Structures are given as C-alpha cells and as structure tokens.
Amino acid sequence: MTFVQVGKMKTTPQIETRDMVLLQALAAQGSLSSAADVLEQPVSSVSRALKALERRLQVALLVRTTRRMELTQAGRMLLERSRQVLQSLADIEADLARVAGSPSGLLRVNTSASFMSHVLLPLIPHFAQAYPGIDLELRSSDQIVDLIQEHADVAIRIGALADSSLRAVLLGNCRRLVLASPAYLERYGTPHTVEDLATHRLLGYIGADALNRWPLGHGHQQELIIRPALCVSDGELLHQLALAHQGIACLLDFSAATDRRQGNLVELLPQFNLSPPSPVHIVYYRRAPTDARIQAFINFMREHAESWAAISGDGPA
C-alpha cells in the first residue's frame with residue numbers, strides 16, 4: 001500500500017495502487033464508460049471508486065466537460081506522482097524477479113575430499129557460467145561436520161543420514177571398490193581370494209574404523225576388517241597412494257572411474273564385493289522457502305548427476 005499526501009490535511013489519506021491505476025485509466029480514456037471497459041469493471045463500480053477517492057482526499061480530481069472528463073490541478077499532480085510510484089513498483093518487481101531468477105551471493109559448500117576432487121571441481125566452470133552471481137567457498141572434510149559450526153550452507157554427504165533436522169536431496173548412489181595399480185600388482189602379485197590380502201600392503205584411514213571395514217565377503221563374514229600398513233586422513237590421499245603403487249585401497253567408484261578407464265587402477269576381487277549402493281545427498285538446514293542460492297546449487301547438481309552417478313548404475317531419484 002502506498003501513501004501520497006495531497007494538499008494540507010490533518011491526516012494522511014491512504015491511496016492504494018488500484019486508485020492510481022483508476023486515475024490513469026480515467027485520464028487516458030476521458031470517460032467513465034471507456035475507463036470501465038479498460039479496467040474490466042462496471043461503470044457503477046468505477047464511479048463509486050472515484051467518488052470514494054475524492055472523498056478521502058477532500059479534493060476534486062476530475063471535472064466533467066461537454067465532451068469528456070478533465071483532470072483538475074490536484075488530479076494532474078496526483079496522476080504524475082502515481083505514474084512515478086507505479087513505475088517504481090514495476091522496477092522493484094522486475095528487480096525481485098531478476099534476483100529470484102539469477103541468485104547471487106556467497107554459497108559455502110562442504111564435502112569429502114574425493115567428491116570435491118573428482119565430481120565437484122570439474123563442474124565448477126559450468127556452475128560459474130550458469131550462475132555468475134554466486135560466489136563459492138569450498139571446503140573438504142571426510143568427517144561429518146556440523147553445518148553451523150563449519151559455516152557451511154550445504155554439504156554433500158555419502159552414506160546413511162542420521163541428522164533429521166536437515167533437509168536432504170538424493171543425487172545418486174555410489175559403491176566401494178577394492179583397487180590397485182598394475183605396477184603394484186606386477187611387483188606383489190594379484191590376490192585371487194580375500195584371504196590373499198593378508199600378504200599385501202593395505203591402505204586405510206586414520207580414526208575411521210567403519211572405512212577400514214572392506215565390503216568383501218569371505219566364509220561366513222560379510223566384510224573384511226583390515227589392518228592398514230599405511231593410514232591417511234582422507235579418501236583422496238588414499239587414491240593418490242594407490243596411484244603411486246603404494247598398496248591396495250578401497251575407494252568410492254566415482255573417485256576411481258577415470259583411472260579405471262585409463263588403466264591406472266584395476267578392480268580386485270569383484271566377485272567377493274558385497275558393497276551395497278551408498279546414497280549421496282545434498283543436505284541443508286530447513287528453510288521456508290529454500291534460499292535461492294541453495295536451490296540453484298541443488299538443481300545444478302541434479303542436472304549433472306549422470307556425469308558421475310551413472311558410474312554406479314544409479315542416477316538421482
């Protein structure tokens with residue numbers, strides 16, 4: 001609702017945008033009947049609205065001549081002000097539409113080192129082109145982080161979700177594979193059974209017991225608890241050690257896809273691999289409505305999920 005003061009009055013009358021539209025129609029058409037046609041209202045309604053407006057303002061806005069209605073001095077002043085106000089409102093609506101259509105500002109993203117290196121970073125040029133107004137701050141951690149403490153707007157998490165206070169959008173699924181380089185296998189031999197791994201150099205994680213349980217079925221066991229010869233803090237370091245022929249690693253399929261295609265890494269013991277599909281989600285704190293930057297990121301990642309989720313044979317839900 002807009003307020004316009006006309007003349008000296010004890011109180012400020014309220015002039016609504018519909019009053020301004022009415023005045024513009026009357027000025028342009030010159031008669032009640034023509035203005036009513038333009039406004040798609042009965043003539044009686046237009047006449048009542050004009051009288052009510054003049055009564056609130058305590059001033060005449062129009063005078064009737066033999067041929068048409070003419071604006072008074074007060075009417076001409078209000079018409080000019082109304083045009084300015086209506087144009088300002090149109091400009092505001094246009095600016096809001098642009099903001100909604102082209103999100104801007106800082107978006108802080110947290111994900112694992114492997115997902116960052118092999119999925120997110122290759123997509124950054126495409127995201128920057130699609131959303132030039134969004135600035136990105138990227139942080140990697142293989143630990144489950146608190147979004148508020150880490151100052152993150154969104155996180156990409158792999159595996160089952162425990163925090164029900166977060167909204168989650170499924171991007172796809174991935175699997176864990178046991179891998180080694182051809183050079184390592186040439187030097188130490190290729191294991192043909194799960195038991196053969198006991199004589200090999202296995203690469204694992206520091207402080208992440210769940211990740212040192214490989215999804216290899218043997219006997220009555222559904223997994224193999226390894227004793228790493230070398231431990232690291234994140235999956236990308238593990239990946240680089242495997243490429244450097246330092247041992248056998250259990251990696252997520254998307255992180256090794258390119259190296260498998262190029263022959264730099266070879267999957268081992270696939271017949272024993274019981275790895276179930278592991279969901280990959282974008283998570284963020286509940287907002288109503290969802291922040292435009294977050295929604296843009298979600299839409300973009302879902303659109304590009306096939307570039308990596310297809311590796312495991314399962315795209316976004």
Side-chain angles (χ1 to χ4, degrees), residues 1-107 127-136 153-154 167 169 284-300 302-303:
M1 185 177 295
T2 305
F3 299 89
V4 178
Q5 183 170 332
V6 180
K8 294 182 179 179
M9 304 180 200
K10 294 181 180 180
T11 59
T12 301
Q14 296 180 358
I15 302 177
E16 300 180 358
T17 53
R18 62 184 176 185
D19 297 325
M20 301 181 197
V21 173
L22 168 65
L23 188 61
Q24 292 211 54
L26 288 168
Q29 300 303 318
S31 71
L32 285 173
S33 59
S34 297
D37 289 340
V38 171
L39 297 172
E40 299 182 343
Q41 296 179 16
V43 175
S44 58
S45 297
V46 173
S47 179
R48 284 197 301 271
L50 174 60
K51 290 177 181 178
L53 177 60
E54 290 180 325
R55 188 165 52 250
R56 292 202 311 273
L57 298 179
Q58 300 179 20
V59 65
L61 300 174
L62 292 162
V63 293
R64 293 172 177 82
T65 66
T66 55
R67 293 188 176 182
R68 56 181 286 130
M69 303 180 74
E70 300 286 349
L71 290 170
T72 64
Q73 181 179 2
R76 288 193 297 272
M77 183 186 73
L78 181 56
L79 177 65
E80 181 59 31
R81 294 288 183 87
S82 297
R83 285 171 175 164
Q84 295 172 5
V85 171
L86 291 174
Q87 184 58 54
S88 295
L89 291 174
D91 292 342
I92 291 171
E93 290 179 357
D95 289 341
L96 290 174
R98 281 193 292 271
V99 169
S102 300
S104 61
L106 178 64
L107 181 68
F127 184 83
Q129 184 175 9
Y131 300 100
I134 297 181
D135 299 321
L136 290 175
D153 298 303
V154 298
R167 284 188 174 178
V169 176
Y284 58 100
Y285 276 105
R286 299 178 184 274
R287 294 180 175 90
T290 300
D291 186 289
R293 297 163 303 155
I294 294 176
Q295 191 60 58
F297 183 74
I298 290 171
N299 294 343
F300 176 85
R302 286 179 66 89
E303 289 170 5

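Just so it is clear, the model here is predicted, and its values are computed rather than measured.
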Side chains of D37 and Q29: closer than 4.5 Å at any heavy-atom pair?
no
Taking side-chain contact (heavy atoms from CB on, under 4.5 Å) as the definition, give me every residue that meets it alongside A25, ordered by chain and number, with sequence neighbours left out.
A35, L39
So which heavy atom on V43 is nearest to which on S33, and how close?
CG2-CA, 3.8 Å
Would you say that M69 contacts L50 through its side chain, given a criterion of any heavy-atom pair below 4.5 Å between the two side chains?
yes
What distance do R48 atom CZ and R55 atom CZ have between them, rounded to the nearest 0.5 Å?
11.0 Å
Suppose we screen for side chain to side chain donor-acceptor pair (under 3.5 Å). Which residues come up paired with R83, at least two apart in sequence or across chains?
none
Strictly distance-based, threshold 3.5 Å: is any side-chain N or O of R293 a donor or acceptor partner for the main-chain N or O of P103?
no
Find the distance between CG (D291) and OH (Y284) and round it off to the nearest 0.5 Å.
10.0 Å
Less than 4.5 Å apart, side chain to side chain, heavy atoms only: is that true for T72 and L62?
no
So CD1 of I134 and CZ of F300: to nearest 0.5 Å the spacing works out to 10.5 Å
Does V46 reach the side chain of L26, with side-chain heavy atoms less than 4.5 Å apart?
yes
Just by distance, do the side chain of E54 and the backbone of L61 share a donor-acceptor pair under 3.5 Å?
yes
Taking every non-hydrogen atom, the tightest pair across L23 and L79:
CD2-N, 3.6 Å
Examine distances only and state if a side-chain atom of N299 and a backbone atom of A296 form a donor-acceptor pair shorter than 3.5 Å.
no
So L78 and L71, do their side chains get closer than 4.5 Å, heavy atoms only?
no
Reported CG-to-CZ distance for the pair L53 and R18, which is rounded to 0.5 angstrom:
10.5 Å
Nearest 0.5 Å please: distance from the OG atom of S44 over to the CG atom of L32.
10.5 Å
Considering only heavy atoms from C-beta outward, does the side chain of L57 approach that of I15 to under 4.5 Å?
yes
